Amino acid sequence: MSYFDSVKKIQFAGSQSKDPLSFKFYNPAEKVGDLTMEEQLRFGVAYWHTFTEDLSDPFGSGTAIRPWDKFSDPMDKAKARVEAAFEFFEKLGIPYFCFHDADIAPEGATLKETFDNQDIIVDLMEDYLKDSKVKLLWNTVNNFTHPRFVHGAATSNNAEVYAYAAAKVKKGLEVGNRLGAENYVFWGGREGYESLLNTDLKLELDNLGRFFHLAVDYAKEIGFDAQFLIEPKPMEPTTHQYDYDTAHGFAFLQKYGLEKHFKFNIEANHATLAGHTFEHELRYARINGMLGSVDANQGHPHLGWDTDEFPSDLYATTLAMVEILKNGGLGKGGLNFDAKVRRTSFEPEDLFKAHIAGMDSFAIGLKTAHRIIEDGALDQVVSKRYASFESGIGQKIVEGTTSLKELQEYALKNDQPVNQSGHLEEIRATLNQYLVTTLDSK
Ligand code: XUL
Ligand code: CO
């Protein structure tokens, strides 16, 4: 059965194409440097936004027209979604997908029934994966939507909820192992607090550390070798989420002796909610050897919540790709579109058009970043700016061979330091030049 009859396999048609159902810049087989675009970008579809989401918002009900909604029985609908998903992946030519347990199968009356429902869908997915090039980039469990998680999951005040959440993670690890997931994600949707007035901060953080250790141990026990990823977000739905940003998350992992077992899944819109740029979070993870994967989306500058828009900001995709290329790629990670079409873009074809827009935006980012790095355009600016640390007193500071006494003697002798301009406007103009010439090149 076909769910997207009007759509044929999406092809690369070049930058002059007027066909909305074609790639203008993403040409999977084209090499940028030593690797193809497909190998470097490792795009993924988020199952929840593409197949489960109904496009409701806090003020309005769902608008999405989804061909699989003709099935009213929840299990029939879940099966239809798998069928539709694989048709979508194949037609889009996207190599990966990601899901939460709750996206793929309905909850049962008991936890056991919920697991049984999942098993039926996972069996079906396993069959599809056998005949497909598509792979599971990561899976995770939803320990935040159901009312039982009102006070959190691994940071709940209620030990029974902690156990329930742990049971779901154990199942999630088994499912990931069966389906060959390359990563396993922890996004702490309600792992944080609403108010400190009724919160035992220390106990909650210690419990979260214990929870991650339990997951690491169980993955080892069953031979699940996925990369574990923490996905930072500062707030929403909590007022303070414990994995606030990469720096918070990294400090937490180090405190609890978990840093060897985890990397970060950096989401653009979470970075901006934390008051950072996307590239800041990527850079922070990269310089600490902790960049694992990316949730590719963008926020809206006027809206202070997680709008999860498809990425179209070429500055952001370019600077993100600079970080990713400098990281030597994403390894087992990828660029998962944790993005939803707008409530007003409710037609099934919009799902394709949105992914095409995102994939083209990152293809432009990749090409531009590759040229910036090859030419050393930003590297030269930075090394020139820090040249004072390459010789003399600067070299001694970097090598750790000086003292406060020597630095004072130096400062007394030289007196007022002389600074040089940072030339930021010139650098931004250079970035514009690189972007525009990428767009011109096809
Ligand atoms: C929520 C979010 C999640 C995670 C997975 O803001 O980004 O969808 O990516 O739980
Ligand atoms: Co996300």
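Just so you know, ligand 1 is whichever comes first in the structure, and atom 1 is the first atom listed for that ligand. Values reported hereafter were calculated over all heavy atoms of this structure, with side chains retained and with hydrogens, waters and symmetry mates removed. Worth saying up front: this structure is predicted, and the values here are computed from it rather than measured.
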Can you list, pair by pair, the side-chain donor-acceptor contacts under 3.5 Å of residues 223-231, counting residues two or more places apart and other chains?
residue : atom : partner : partner atom : Å
E231    : OE1  : N265    : ND2          : 2.9

Using residues 67-79 as the side-chain source, report each donor-acceptor pair under 3.5 Å to any protein atom, sequence neighbours left out, with the distance given to one decimal.
residue : atom : partner : partner atom : Å
W68     : NE1  : F51     : O            : 3.2
D73     : OD2  : M75     : N            : 3.2
D73     : OD2  : D76     : N            : 3.0

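You'll find the ring centres of F43 and H355 outside the 6.0 Å limit. In this structure, the ring of H248 has its center no less than 6.0 angstrom from the ring center of F252. For F25 and F362, the distance between ring centers is not under 6.0 angstrom. Aromatic rings from H100 and F144 are positioned such that their centres are separated by under 6.0 Å.
Between D338 and ligand 1, a contact under 3.5 Å exists for at least one N or O pair. Taking only nitrogen or oxygen atoms, main chain and side chain alike, T140 does not reach within less than 3.5 Å of ligand 1. Considering backbone and side-chain atoms together, W138 places no N or O closer than 3.5 Å to any N or O of ligand 1. Between W187 and ligand 1, a contact under 3.5 Å exists for no N or O pair.
The nearest non-hydrogen atom to atom 7 (O) of ligand 1, considering only E236, K233, E231, comes from E231.
Put simply, part of H270 is less than 4.0 Å from ligand 1, judged by heavy atoms.
In this structure, a donor-acceptor pair under 3.5 Å is present between the side chains of W48 and D338.
Taking 4.0 Å as the cut-off between side-chain N and carboxylate O, D375 and R371 do not count as a salt-bridged pair. Ion pair K233/D306 flagged as a salt bridge, since at least one NZ, NE, NH1 or NH2 atom sits closer than 4.0 Å to an Asp/Glu carboxylate oxygen.
Looking at D295 against ligand 1, only its side chain comes within 4.0 Å, counting heavy atoms.
The D306 neighbourhood of ligand 1 comprises atoms 6 (O), with distances under 4.0 Å to a heavy atom of that residue. Listed by atom number, the atoms of ligand 1 under 4.0 Å from H100 heavy atoms are 5 (C), 8 (O), 10 (O).
Counting only protein N, O or S atoms closer than 2.8 Å to the Co ion (ligand 2) gives 4.
Counting only residues at least two apart or on different chains, the salt bridge (charged side-chain N to carboxylate O under 4.0 Å, His left out) pairs with a member in residues 275-302 are R283-E323, R286-E323.
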